[in-house]
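The block underneath contains the structure these notes are about, expressed in structure tokens.
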Amino acid sequence: MKNIPILAALSAVILTGCGNISPPFKAEQTTVTTAAPTVSAAASSEAESTVDEEQVKHDTFIAEFFDSNICFVDTSTLVTEAMKGCSFDNETDNSNGVQKITLKGTNGGGTIDVMCVDLSQAQLDHDMEYILENFGDYYFGQTSAQMSGITEDDFVSNYRMTSSVVSKGKYQRYVSVQKSDGMATQFGYTETYAVLSENKLTVASGAFLSSDMMERQSFSQLMSKFAENVKY
């Protein structure tokens, strides 16, 4: 099964991812004034150009990934095992190679996407770590964007790690969210966990937002169960 259906579904969202200042020092008769460092227009332009080039490389990789000869592997067993004992009301929709689980709690809700991609015939011209980091960052961006009204300023924790050993590797990124408008507080959690082993890339990526901190904790524990059930 090639990528055409999921590419059509995802192509629309591919482009949708200090210093210390010392106080002035005064001598008895001398005032020392330190001017703030300035950045030349050329240096600023060069930095922006570098960022743009990295974004283009990232977007190009994602397009190549979904346009390569990939096959989707059934993840129903993984989902069944991880969802055992789940405290949330849930529904699962399996389409385009991705199992999307919709979760509903008493005070909030969220989703989890689960998929496994066989890359044995993909012929991607990238090493394992590059594939994990770029696809992991891409999917994390898509997942975290589902928490409506939440920005990076609302993140109270932010963890990201990629590791590889011989012919397998894993990517993990998660953030906790806490946002208050003075009247109510929202608690959120989003995580992407991806493992590349034996030419198969397995991804579990979810986000949850609630006014109940305990529901956020329960969702975090659910994502841990998915990570435990992904073969590595």
Side-chain angles (χ1 to χ4, degrees), residues 3 6 10 14 17 54 57-66 68-84 86 92 97-101 103 110-147 152 155 157-177 188-208 216-232:
N3 64 291
I6 194 169
L10 294 177
I14 285 177
E54 289 299 317
K57 286 172 60 178
H58 174 77
D59 293 341
T60 299
F61 164 76
I62 294 302
E64 289 176 349
F65 181 92
F66 286 116
S68 60
N69 190 20
I70 60 177
C71 297
F72 291 88
V73 180
D74 180 57
T75 56
S76 57
T77 299
L78 165 62
V79 171
T80 299
E81 288 298 315
M83 291 295 290
K84 284 182 178 178
C86 176
T92 301
V98 180
Q99 292 209 52
K100 180 177 287 292
I101 306 163
L103 304 170
T111 60
I112 302 175
D113 286 352
V114 184
M115 66 184 223
C116 181
V117 183
D118 187 341
L119 302 178
S120 57
Q121 303 299 319
Q123 298 180 335
L124 292 169
D125 189 23
H126 303 285
D127 61 34
M128 179 173 55
E129 188 170 341
Y130 186 92
I131 293 173
L132 275 171
E133 287 191 342
N134 280 272
F135 191 80
D137 285 345
Y138 161 76
Y139 225 97
F140 177 85
Q142 301 305 311
T143 302
S144 60
Q146 296 179 36
M147 294 188 295
E152 290 189 8
F155 294 170
S157 66
N158 196 339
Y159 173 87
R160 179 182 183 275
M161 180 194 71
T162 302
S163 60
S164 59
V165 180
V166 191
S167 60
K168 61 182 180 180
K170 63 182 176 180
Y171 167 101
Q172 185 178 28
R173 183 174 179 185
Y174 58 80
V175 300
S176 295
V177 170
Y189 184 82
T190 180
E191 178 175 354
T192 297
Y193 183 81
V195 168
L196 181 53
S197 178
E198 299 178 352
N199 285 320
K200 290 183 176 64
L201 175 62
T202 306
V203 180
S205 188
F208 195 93
R216 177 179 70 179
Q217 181 66 20
S218 295
F219 179 75
S220 172
Q221 293 171 352
L222 179 59
M223 290 303 301
S224 294
K225 290 183 64 177
F226 274 95
E228 291 171 2
N229 282 277
V230 175
K231 182 181 179 182
Y232 177 65

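None of the values given here were measured: they were computed from a predicted structure.
Atoms CD and CD, from Glu228 and Glu81 in turn, are 11.5 Å apart once rounded to the nearest 0.5 Å. One distance of note links OG1 of Thr202 with NZ of Lys170; it measures 13.5 Å at 0.5 Å rounding. In this structure, CD1 in Ile62 is found 8.5 Å from CD in Gln142, a value given to the nearest 0.5 Å. For the atom pair Gln99 CD and Cys116 SG, the distance stands at 11.0 Å (nearest 0.5 Å). Atom SG of Cys86 is separated from atom CG of Leu103 by 5.5 Å, given to the nearest 0.5 angstrom. Here CD1 of Ile112 is found 14.5 Å from OH of Tyr193. Values are rounded to the nearest 0.5 Å.
Side-chain contact check for Ile70 versus Leu201: every heavy-atom pair is 4.5 Å or farther apart. The side-chain heavy atoms of Gln221 and Lys225, taken from C-beta on, include no pair separated by under 4.5 Å. With a 4.5 Å cut-off on side-chain heavy atoms, Thr190 and Phe208 do not count as touching. Glu198 is listed as a side-chain neighbour of Lys231, based on a closest heavy-atom distance under 4.5 Å. In this structure the side chain of Glu133 reaches within 4.5 angstrom of the side chain of Arg160, judged on heavy atoms. Using a 4.5 Å cut-off on side-chain heavy atoms (C-beta onward), Tyr139 and Asp113 make contact. Counting heavy atoms from C-beta outward, Val177 and Phe155 have side chains that approach closer than 4.5 Å.
Taking the centre of each ring, Phe61 and Tyr130 come in below the 6.0 Å mark.
The environment of CG in Asn158 is crowded: more than 12 heavy-atom neighbours from other residues, nucleotides or ligands sit within 6.0 Å.
When all heavy atoms of Ala207 and Met147 are compared, the closest pair comes out as CB-CG, 3.9 Å. Scanning all heavy atoms of the two residues, the minimum distance from Ala82 to Asn229 falls at CA-ND2, 4.0 Å. Among all heavy-atom pairs drawn from Val73 and Lys200, the shortest one is CG2-CE, 4.2 Å. Across all their heavy atoms, Glu129 and Ser164 have their closest contact at OE1-OG, 4.2 Å. Residues Phe65 and Leu119 come closest through the heavy atom pair CE1-CD2, 3.8 Å. Shown here for Leu132 and Gly169, the closest heavy-atom pair between the two residues is CD1-C, 3.4 Å.
A side-chain hydrogen bond (donor to acceptor under 3.5 Å, both in side chains) with Tyr171 is found for exactly one of Thr162, Asp137, Thr192, Asn134, namely Asp137. A side chain to side chain contact (heavy atoms under 4.5 Å, CB included) with Thr75 holds for exactly one of Val114, Thr80, Val98; it is Val114.
Relative ring orientation between His58 and Tyr138 is described as tilted, the plane-to-plane angle lying within the 30° to 60° band.
Looking only at atom types and distance, the side chain of Ser157 has a donor-acceptor partner in the side chain of Ser176 under 3.5 Å away. Residues Gln172 and Tyr174 bring no donor and acceptor atom of their side chains to less than 3.5 Å of each other.
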**Prompt:** Where do Phe72 and Asp118 land on the side chain to side chain contact (heavy atoms under 4.5 Å, CB included) test, with the steps shown first?
**Reply:** CA-CA 6 Å; Phe72 291 88; Asp118 187 341; over 6 Å; no

